[in-house]
Amino acid sequence: EAQVTQNPRYLITVTGKKLTVTCSQNMNHEYMSWYRQDPGLGLRQIYYSMNVEVTDKGDVPEGYKVSRKEKRNFPLILESPSPNQTSLYFCASSLGQGTDEKLFFGSGTQLSVL
Amino acid sequence: SQQGEEDPQALSIQEGENATMNCSYKTSINNLQWYRQNSGRGLVHLILIRSNEREKHSGRLRVTLDTSKKSSSLLITASRAADTASYFCATPSGGRRALTFGSGTRLQVQP
């Protein structure tokens, strides 16, 4: 089944403890992206990747890192999480890089930073 | 920066009724997409309409686009309880490979 898989689904951590949220897609998509969703603010893009080893900042990249060493994986790394990073995170991918490509989303990761 | 803004923020209707949601955006676009999100889950693509199209249909969905007014509408006909979800419009972000999403319309369909 074609899908974007995120793990974990729920994560509770403490301030400063490094964490990684994994994202994997099995559709051979070129483009991958991370969004965070907060009440009243909608979805905001954190980072995106056009292809392997090509990443770029979105609207809210501060406090996050990403890497794209393989086409299928695009992990989101929080080196030193803070409470303002408590949010619902989504990974998304699309086949091509055009702005008319439809995005496929993972099921989300609810992160709480205490 | 938020490009699309949906209206209304929330909508409650009875099963069988039609639901209409509107999206306004700020800058010129070459396409606009609509997505659905069930509570706390990932978004699912519904439909894409290009700037040279005024109307598009997909099953019970009808989308219109008025580029002169910078607005789009999503109509769901003969709604079902399973249509209960949040609906978002998304537009290309100028100069960056991204979609910018509005804050969404929460639709509640009462059985």
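Just so it is clear: chains get the letters A, B, ... in the order the sequence lines come, proteins before strands, and each one is counted from 1. Heavy atoms only: backbone and side chains are in, while hydrogens, waters and symmetry mates are out.
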- Query: Using non-hydrogen atoms only, which part of B/Leu43 is less than 4.5 Å away from chain A: side chain, backbone, both, or neither?
  - Reply: both

- Note on the structure: What one should report as the nearest heavy-atom pair of B/Phe88 and A/Gln37 is CZ-NE2, 3.6 Å

- Does A/Leu19 belong to the same Ile/Leu/Val/Met/Phe/Trp/Tyr cluster as A/Leu76, with side-chain heavy atoms less than 4.5 Å apart forming each link? yes

- Note on the structure: Scanning both residues in full, the closest heavy-atom pair of A/Gln45 with B/Ala98 reads OE1-CB, 3.1 Å

- Atom CG of A/Leu43 and atom OG1 of B/Thr100: how far apart are they, to the nearest 0.5 Å? 10.5 Å

- Consider only side-chain heavy atoms of I, L, V, M, F, W and Y, link residues closer than 4.5 Å, and tell whether A/Val21 and A/Val113 are in one cluster. yes

- Query: B/Asn38 versus chain A, heavy atoms under 4.5 Å apart: side chain, backbone, both or neither?
  - Reply: neither

- Item | Residue part contacting chain B, namely of A/Ser107, when any heavy atom lies under 4.5 Å | both

- Message: Quick check on A/Ile12: does its CD1 atom have over 12 non-hydrogen neighbours (other residues, nucleotides or ligands) under 6.0 Å away?
- Response: no

- Are A/Leu88 and A/Leu11 connected in the hydrophobic side-chain network, where two residues link if heavy atoms are under 4.5 Å apart? no

- Item | Minimum heavy-atom distance between B/Arg50 and A/Asp100, given as atom pair plus value | NH1-OD2, 3.0 Å

- Message: Would you say A/Tyr47 ends up clustered with A/Val4 if hydrophobic residues are merged whenever their side chains have heavy atoms under 4.5 Å apart, either directly or through other cluster members?
- Response: no

- Query: Taking everything shown except B/Arg60 itself, do over 12 heavy atoms lie less than 6.0 Å from its CZ?
  - Reply: yes

- Item | Top contributor to chain B interface from A/Glu101, A/Arg44, A/Gln110 [non-hydrogen pairs under 4.5 Å] | A/Glu101

- Message: Is it the case that atom CZ in B/Arg54 sees more than 12 heavy atoms from other parts of the structure closer than 6.0 Å?
- Response: no

- Above 12 or not: heavy atoms from other molecules or residues under 6.0 Å from CD of B/Gln9? no

- Message: At a heavy-atom distance under 4.5 Å, which candidate from B/Val44, B/Asn31, B/Leu32 has the highest pair count against chain A?
- Response: B/Asn31

- Message: Determine whether a donor-acceptor pair (N or O, by modelled atom type, separation under 3.5 Å) exists between the side chain of B/Tyr35 and the backbone of A/Leu103.
- Response: yes

- Message: I'd like to verify something: which residue of A/Tyr31, A/Tyr35, A/Phe90 has the highest number of heavy-atom pairs under 4.5 Å with chain B?
- Response: A/Tyr31

- side-chain contact (heavy atoms from CB on, under 4.5 Å) between B/Gln37 and A/Phe105: does it pass, once the steps are laid out? CA-CA 10 Å; B/Gln37 182 184 31; A/Phe105 281 80; over 6 Å; no

